[in-house]
Student: 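Here it is, the structure in full.
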Amino acid sequence: MQPVFALVDCNNFYASCEKLFRPDLNDLPVIVLSNNDGCVVARSKEAKALDIKMGVPVHQIQDKIHHQQIVVFSSNYALYADISHRVMTTLASLTPEVEVYSIDEAFCEVGTLRLLQSFTELGLNIRATVQQHIGMTVCVGIAPTKTLAKLANHGAKKYPATQGVVDLTDPARQQRLMAMVPVEDVWGVGRKISKRLNAQGITTALQLAQADPKTIRQQFSVVLERTVRELNGQPCFTMETQPTAKQQIVVSRSFGQRMVNMDLMREAISDFIATGCYKLRKERRKAKTMSFYFTTSYFAKGPRHSGYQVIHLAQASDDPRVFSSRMSQELPTLWRDGFPYAKAGVMFADFERPDVTQLSLFDQPSDGKSERLLATIDQIHAQGLGRLYFASQGNHQPHWQTKQLHRSPSYTTKWAELARVR
DNA sequence: TCTGGGGTCCTAGGACCC
DNA sequence: TCTGGGGTCCTAGGACCC
């Protein structure tokens, strides 16, 4: 049996999460900012109506925020992750297979459900149930391929007459919608590629669907060829319900203030390393390679500089002390005094599973001390008994911490910040 | 003054081997 | 004078996604 994909996508997800706990904001324009309160990453429909663009730096719209009384939030990922989990759990109760595709959307395989109801009825039911259980509004696009399901969802969002559900299983309907959708709105077609396609006279999804897949592969890549085939109803992407093991782990931040002191930089990077190692342990992996970098602002007019260094370990590790001491050795050789560094980060790669760690000839097998120490620290954190830091992380966080001037309470993940009902 | 963070996949090109 | 071809592995960079 041919698969049928339903793409369920939350509307204005971050902004909607904030509104869930603030009914007083119901009809007000709300925006959510990226880390460091840098740019706009989510807008409520009222904010969209005020023509606030996605990704715009917040300092460029300060006046508008003030005059239109736009409500501003810093990102609160703990809250969004928790709401996301609730949405996904509800979807899992309604459909046989769920692939969590991102924090605010999921593909559901619904081919077998056609015997019970029409796809439109199914979509409306999903929408009503998520609304009732969580208070989150979703749109549903249903089609024989993931790319067409994305397109259907796009239509459901754009045209209110659809009531948020588009069944795109009918080829004639596919053609009609594709003719209306600009090619840059197709899943997998970004800025660069749409520009090149436009230059060739391909401006709509339908024109891309009608292009010759072999030619597209030659001129672009196998990736875009798959997109063309998917637009024609030929599935190239399947459901991926098992979370795949990560290939790399990245921790990077922009600083709240420019960093001009090497010792503070060392502390900041050590802190990122500690976070990364925690993520490694959560994934049950050890890394053989870590790289770190620090850089001046990409946008700054003044002099620029960045340092970058890859560190290879003989033996994979998830212990921050191992990575931090190597980073500490290398940092002075990369550092330049006088540059206002704006951002830094660490990347872990070359993962091994802890239970199959390969020792080299001269390595001592671990005595388990480090593992027990780290496990104890993780446990203390998990139980909320306080926070432990390695000395290399320092105690100067306020000097470089990201800005978060508008963060909402952790309504669902911290006892002290639970929502109150009066 | 003020511009996010975390991922994946693919490709081209170089090093190296036989 | 004449200077191969095919394979693998690795890395960097580019494109995309949310």
Side-chain angles (χ1 to χ4, degrees), chain A residues 7-14 31-42 53-63 65 72-77 80-81 84 99-107 146-147 150 153-154 183-197 216-227 236-237 240 243-258 272 275-276 279-280 283 288-289 291 293 295-302 308 310 312 340 342-351 401-407:
Chain A
L7 179 69
V8 183
D9 189 318
C10 300
N11 294 11
N12 321 320
F13 183 60
Y14 293 176
I31 60 175
V32 180
L33 307 183
S34 63
N35 265 336
N36 215 31
D37 291 348
C39 44
V40 176
V41 293
K53 300 278 187 247
M54 182 71 173
V56 68
V58 69
H59 66 88
Q60 286 177 11
I61 55 166
Q62 270 319 336
D63 285 353
I65 289 173
V72 179
F73 288 97
S74 303
S75 298
N76 183 349
Y77 292 108
Y80 310 150
S84 171
E99 171 189 341
V100 177
Y101 178 68
S102 76
I103 194 162
D104 75 331
E105 61 190 294
F107 287 103
K146 283 184 165 180
T147 304
K150 274 277 197 184
N153 191 282
H154 179 81
V183 74
E184 61 263 31
D185 290 344
V186 172
W187 190 43
V189 179
R191 260 210 346 268
K192 295 273 165 105
I193 288 179
S194 61
K195 222 172 176 178
R196 284 172 61 195
L197 286 170
I216 290 289
R217 182 182 195 138
Q218 263 174 21
Q219 295 180 355
F220 294 86
S221 70
V222 63
V223 183
L224 195 62
E225 181 195 4
R226 288 187 194 128
T227 301
C236 300
F237 307 116
E240 286 170 30
T244 48
K246 284 196 196 331
Q247 308 290 308
Q248 71 175 23
I249 286 175
V250 176
V251 181
S252 68
R253 292 285 178 279
S254 297
F255 302 122
Q257 308 168 29
R258 298 296 188 241
F272 301 162
T275 304
K279 291 185 180 185
L280 278 172
E283 284 276 315
K288 274 192 99 161
T289 302
S291 46
Y293 70 92
T295 180
T296 51
S297 169
Y298 181 74
F299 305 96
K301 301 267 188 296
Y308 172 72
V310 183
H312 294 284
K343 181 179 179 179
V346 297
M347 284 165 283
F348 296 86
D350 287 344
F351 295 161
Q401 209 163 40
T402 49
K403 259 191 300 187
Q404 276 210 317
L405 299 178
H406 312 282
R407 222 209 63 189

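Throughout, a chain's letter reflects where its sequence line sits, starting with A, and its residues are numbered from 1. Note: hydrogens, waters and symmetry copies are ignored here, and every other heavy atom, side chains too, is used. Fair warning: this is a prediction, and the values are worked out from it, not measured in the lab.
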Student: Atom OH in Y293(A), atom OG in S252(A): separation rounded to 0.5 Å?
Tutor: 4.0 Å
Student: Just checking I103(A): base, sugar-phosphate only, or nothing, at a heavy-atom cut-off of under 4.0 Å?
Tutor: nothing
Student: Hey, is the main chain of Y77(A) close enough, under 3.5 Å, to the side chain of S75(A) for a donor-acceptor pair?
Tutor: no
Student: With sequence neighbours left out, write down each residue that passes salt bridge (charged side-chain N to carboxylate O under 4.0 Å, His left out) with R258(A), or none if nothing qualifies.
Tutor: none
Student: Who are the side-chain contact (heavy atoms from CB on, under 4.5 Å) partners of R196(A), not counting sequence neighbours?
Tutor: F220(A)
Student: Scan residues 342-350 of chain A against DNA chain C and write down, sorted by residue number, each residue with any heavy atom closer than 4.0 Å; if none is found, say none.
Tutor: none
Student: Rounding to the closest angstrom, what is the interatomic distance between dT3(B) and dC18(C) at atom P?
Tutor: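 Approximately 25 Å lies between the P atom of dT3(B) and that of dC18(C).
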Student: Quick one: does D9(A)'s side chain have a donor or acceptor within less than 3.5 Å of a partner on N153(A)'s backbone?
Tutor: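 No, the answer is negative, given that no donor and acceptor are paired below the 3.5 Å cut-off.
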Student: In residues 53-62 of chain A, which residues come under 4.0 Å of DNA chain B by heavy atom?
Tutor: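 Those residues whose heavy atoms fall under 4.0 Å from DNA chain B, taken from residues 53-62 of chain A in numerical order, are P57(A), H59(A).
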Student: Against S194(A), only a single residue in V186(A), V183(A), D185(A) fulfils side chain to side chain contact (heavy atoms under 4.5 Å, CB included); can you say which?
Tutor: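 Result for side chain to side chain contact (heavy atoms under 4.5 Å, CB included) with S194(A): V183(A).
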Student: Would you sketch DNA chain B in dot-bracket for me? Only Watson-Crick or G-U wobble pairs with both distances under 3.5 Å count, crossing pairs as [ ], other-strand pairs as |, the rest as dots.
Tutor: ....||||||||||||||
Student: Let me spell it out: for each of F299(A) and T244(A), pick the nucleotide of DNA chain B with the closest heavy atom. Which residue's pick is nearer the 5' end?
Tutor: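 By nearest-heavy-atom nucleotide position, the 5'-most residue is F299(A).
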Student: Ignoring hydrogens and angles, tell me if any N or O in the side chain of N36(A) forms a donor-acceptor pair with the backbone of F255(A) under 3.5 Å.
Tutor: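 Present.
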Student: Keeping the roles fixed (side chain from S34(A), backbone from V41(A)), state whether a donor-acceptor pair exists under 3.5 Å.
Tutor: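 Absent.
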Student: Can you check whether H406(A)'s main-chain N or O pairs, donor with acceptor, with S74(A)'s side chain at less than 3.5 Å?
Tutor: yes
Student: Could you give me the CA-CA distance, side-chain angles and deciding distance for I249(A) and F351(A), then say whether side-chain contact (heavy atoms from CB on, under 4.5 Å) is met?
Tutor: CA-CA 10 Å; I249(A) 286 175; F351(A) 295 161; 3.9 Å; yes
Student: For L33(A), answer base if it contacts any base atom (sugar-phosphate contacts may also be present), sugar-phosphate if it contacts only those atoms, and nothing otherwise; contact means non-hydrogen atoms under 4.0 Å.
Tutor: nothing
Student: How would you give the extent of chain A contacts on DNA chain C, as first and last nucleotide 5' to 3' within a 4.0 Å heavy-atom cut-off?
Tutor: dA15(C) to dC18(C)
Student: Which part of the nucleic acid, if any, lies within contact of Y101(A), taking any heavy atom under 4.0 Å across all strands shown: a base, the sugar-phosphate backbone alone, or nothing?
Tutor: sugar-phosphate
Student: Checking all strands, does D37(A) fall into the base, sugar-phosphate, or nothing category for heavy-atom contacts under 4.0 angstrom?
Tutor: nothing
Student: Has T289(A) got a side-chain atom pairing as donor or acceptor with D350(A)'s backbone, closer than 3.5 angstrom?
Tutor: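 No; judged by distance alone, with no hydrogens or angles, the pair does not exist.
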Student: Could you check whether E105(A) pairs with K150(A) (Lys NZ or Arg NE/NH1/NH2 to Asp/Glu carboxylate O, under 4.0 Å)?
Tutor: yes
Student: Main chain of A349(A), side chain of Q248(A): is a donor-acceptor contact present, judged purely on distance under 3.5 Å?
Tutor: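 Flag not set: sc Q248(A) to bb A349(A) has no pair under 3.5 Å.
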